[in-house]
2 protein chains.
Amino acid sequence: MLPMNTATPQTRYHIAEIGSLLSDPARAAILLALMDGTIRPAGELARMAGIAPSTASAHLRKLTDGELLAVIDQGRHRYYRLANDRVAQMIENLSVAGIGAPASNPWRGDPVMLRARTCYNHLAGALGVAVFEKIRAADGFALSGEAVHLSEAGSRRLKQVGLLDNDDAVDGIPGRTCVDWTERRFHLGGKLGAWLTTRLFEREWLRRRTSTRALTATTVGRNGFSALGLEWDRL
Amino acid sequence: MLPMNTATPQTRYHIAEIGSLLSDPARAAILLALMDGTIRPAGELARMAGIAPSTASAHLRKLTDGELLAVIDQGRHRYYRLANDRVAQMIENLSVAGIGAPASNPWRGDPVMLRARTCYNHLAGALGVAVFEKIRAADGFALSGEAVHLSEAGSRRLKQVGLLDNDDAVDGIPGRTCVDWTERRFHLGGKLGAWLTTRLFEREWLRRRTSTRALTATTVGRNGFSALGLEWDRL
DNA sequence: GCAACGTTTCGTCGAATGTTGAAACATTGG
DNA sequence: CCAATGTTTCAACATTCGACGAAACGTTGC
């Protein structure tokens with residue numbers, strides 16, 4: 001046997017391992033079902049993937065062993081979730097490249113998804129990117145590498161538009177920059193991103209569309225974003 | 001059977017299909033071998049992956065059918081290459097998330113790779129991002145979406161530092177913004193990125209390290225980058 | 001305790017996939 | 001035209017992997 005490429009000794013197995021986890025439609029369905037950041041029990045995931053509970057159990061075991069999923073024990077239920085937002089990002093990226101007509105890609109075609117959607121547990125799409133940019137433009141973020149923290153100015157800005165109260169403690173919440181695959185720019189991820197997104201739901205700025213990751217802005221939200229310098233209708 | 005998730009009808013199969021292609025170590029090795037943008041004949045890829053030519057042929061067929069690879073017929077040789085830089089990017093992204101200790105990720109640990117490397121056929125890493133930023137800061141790019149073209153000012157800047165000649169016709173070459181996974185910023189991809197990178201090799205600013213995608217700057221290159229406002233040693 | 005419920009384990013079946021050598025096909029160069 | 005070289009096809013084999021039902025395991029609530 002002639003000498004082979006030794007430059008990437010373990011990476012190939014690493015890639016193959018992740019590929020194996022993604023190579024099954026049932027597992028893909030499970031991952032996609034959790035892409036909105038929800039936490040779901042095994043039986044429900046089985047139903048959503050269209051397979052028997054026992055089959056799902058095997059798949060879930062593989063996915064957790066592979067550290068793509070994490071599990072939360074709660075009595076006779078076992079709730080599964082994506083291990084972290086990197087996994088979500090990876091999956092979002094995956095379906096963009098490669099096979100088939102670009103039309104088969106939901107993010108290429110669906111303007112509703114392009115405008116505003118959740119990526120794992122935080123805001124993505126044109127709106128996600130725009131919000132990130134507006135806050136950053138106001139020096140609202142302390143950035144170092146991919147780490148993000150809300151600055152003094154950022155807190156002030158959020159209070160101005162009514163998204164932050166005086167007794168909220170968000171200074172310490174760590175965020176991360178997250179690449180928005182449709183916009184090819186950054187949006188806010190990490191715990192800070194999740195917090196802000198939760199707040200947008202609480203304050204009723206945004207509402208989830210049924211059975212999609214797409215989001216719509218309420219009238220309150222439109223006004224709020226407008227106060228941030230963003231016009232929903234122009235996104 | 002209870003109702004299942006109909007929100008993503010075909011995406012799951014799409015993901016599973018790409019996952020299947022990545023799920024084999026031999027195929028992963030083939031893809032990794034082409035990650036530096038090289039074009040290689042089937043036999044060589046077989047050798048690099050450590051498999052028989054007949055086996056490699058089967059894998060290559062799958063990869064081309066899946067549009068992850070493209071093939072260039074040239075006499076009795078068939079040269080394979082990555083289908084496009086999206087595929088390269090997807091693979092680079094893949095190995096970041098998921099299984100195993102982060103230490104097993106080459107881009108996390110290797111400072112040489114972090115500083116300058118090729119992504120498919122163009123420049124990436126800290127240098128790639130910095131070059132993109134410097135040219136952009138000088139209004140050197142016409143940006144629209146992910147499309148990039150070199151502007152008047154950009155041509156002028158490149159001529160100043162000796163990377164562009166008067167008889168070069170680069171106005172029409174289409175570039176694309178490409179997300180740099182280690183830096184979490186943009187660098188220049190597409191045909192324009194490939195052109196610039198080729199030019200950097202031609203002018204001997206950069207040299208490939210043996211058997212890696214990592215790059216080193218020559219003395220000429222250091223001076224050149226310095227003229228662009230970049231200090232190689234500070235990257 | 002006991003019944004109901006959710007989840008996992010186990011055994012088995014069938015389909016899909018990777019592997020190879022030998023043979024066929026294609027191209028080049030004498 | 002023929003030999004050498006590179007690539008693909010073919011047939012056969014071994015292995016892996018997903019699917020399911022039945023049974024075991026664990027938890028909750030009466």
Side-chain angles (χ1 to χ4, degrees), chain A residues 1-2 4 12-13 15-34 38-66 68-81 99, chain B residues 1-2 4-5 12-34 38-66 68-81 99:
Chain A
M1 183 94 76
L2 286 159
M4 30 182 293
R12 53 157 73 171
Y13 298 104
I15 289 182
E17 206 166 343
I18 296 184
S20 293
L21 291 174
L22 300 170
S23 67
D24 185 87
R27 280 198 293 268
I30 289 173
L31 291 167
L32 286 168
L34 298 171
T38 51
I39 293 177
R40 298 179 188 276
E44 186 174 331
L45 290 170
R47 196 165 41 76
M48 292 175 86
I51 52 180
S54 56
T55 310
S57 183
H59 286 309
L60 290 168
R61 182 163 163 62
K62 291 193 178 184
L63 289 169
T64 49
D65 284 353
L68 260 48
L69 295 186
V71 59
I72 303 169
D73 275 49
Q74 209 161 104
R76 59 181 156 187
H77 291 270
R78 304 198 77 193
Y79 292 96
Y80 289 89
R81 62 170 176 85
I99 300 162
Chain B
M1 181 97 74
L2 286 160
M4 30 181 291
N5 186 1
R12 60 203 301 192
Y13 298 105
H14 186 224
I15 289 182
E17 204 167 346
I18 296 184
S20 293
L21 290 174
L22 300 170
S23 68
D24 184 88
R27 282 197 291 268
I30 288 172
L31 291 168
L32 286 169
L34 297 172
T38 51
I39 294 177
R40 297 178 189 276
E44 187 176 331
L45 290 170
R47 195 165 43 77
M48 292 175 86
I51 53 181
S54 56
T55 312
S57 183
H59 286 309
L60 290 168
R61 181 162 164 63
K62 291 192 178 184
L63 290 169
T64 49
D65 283 353
L68 261 47
L69 295 186
V71 59
I72 304 169
D73 274 49
Q74 210 161 104
R76 59 180 155 187
H77 291 270
R78 303 198 77 192
Y79 291 97
Y80 289 88
R81 62 171 175 85
I99 301 160

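Since the structure is predicted, the reported quantities are computational estimates derived from the model, not experimental observations. Here is the naming used below: chain letters follow the sequence lines, and residue numbers restart at 1 for every chain.
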Out of [options], whichever nucleotide has its closest atom nearest the side chain of [X]:
X     : options                : value
A:R76 : D:dT8, D:dA19, D:dG26  : D:dG26
B:A52 : D:dG18, C:dT20, C:dG18 : C:dT20
B:S54 : C:dT9, C:dG21, C:dG18  : C:dG21
A:H77 : D:dG6, C:dG6, D:dC20   : C:dG6
B:P41 : C:dG18, D:dT7, D:dG21  : D:dT7

For this session: Indicate yes or no: at least one non-hydrogen side-chain atom of A:I15 is less than 4.5 angstrom from one of B:L31.
Result: no
Round to the nearest Å and state the distance from [X] atom [atom1] to [N] atom [atom2].
X     : N      : atom1 : atom2 : result
B:L69 : D:dT8  : CG    : C1'   : 16 Å
A:I30 : C:dT7  : CD1   : P     : 12 Å
A:I51 : C:dG6  : CD1   : P     : 17 Å
B:D73 : C:dT28 : CG    : C1'   : 15 Å
B:E44 : D:dT5  : CD    : C1'   : 15 Å
A:L22 : D:dG18 : CG    : C1'   : 16 Å
A:L63 : D:dC17 : CG    : P     : 14 Å
B:R61 : C:dG18 : CZ    : C1'   : 16 Å

Taking OP1 and OP2 of [N], is either one under 4.0 Å from a side-chain nitrogen or oxygen of [X]?
X     : N      : value
B:H59 : C:dT19 : yes
B:T55 : C:dT20 : yes
A:R78 : D:dT27 : no
B:K62 : C:dG18 : yes
B:R27 : C:dG18 : yes
B:Y80 : D:dG6  : no

Exercise. If you round to the nearest 0.5 Å, how far is OH of B:Y80 from OG1 of B:T38?
Worked result: 14.5 Å
For this session: Measure the CD1-NE2 distance between B:I30 and B:H59 for me, rounded to the nearest 0.5 Å.
Result: 6.5 Å
For this session: Please report the closest heavy-atom contact between A:M48 and A:A33, naming both atoms and the distance.
Result: CE-CB, 3.7 Å
Problem set entry | Closest contact, heavy atoms only, B:L21 versus B:G66 |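 Of all heavy-atom pairs spanning B:L21 and B:G66, the closest is CD1-CA, 3.9 Å.
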Problem set entry | B:S57 or A:Q74, whichever maps to the more 5' nucleotide of DNA chain D | B:S57
For this session: Would you classify B:Y79 as touching base, sugar-phosphate or nothing, given that sugar-phosphate means primed atoms plus P, OP1 and OP2, and contacts are heavy atoms under 4.0 Å?
Result: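 Since no nucleic acid heavy atom lies under 4.0 Å of B:Y79, the category is nothing.
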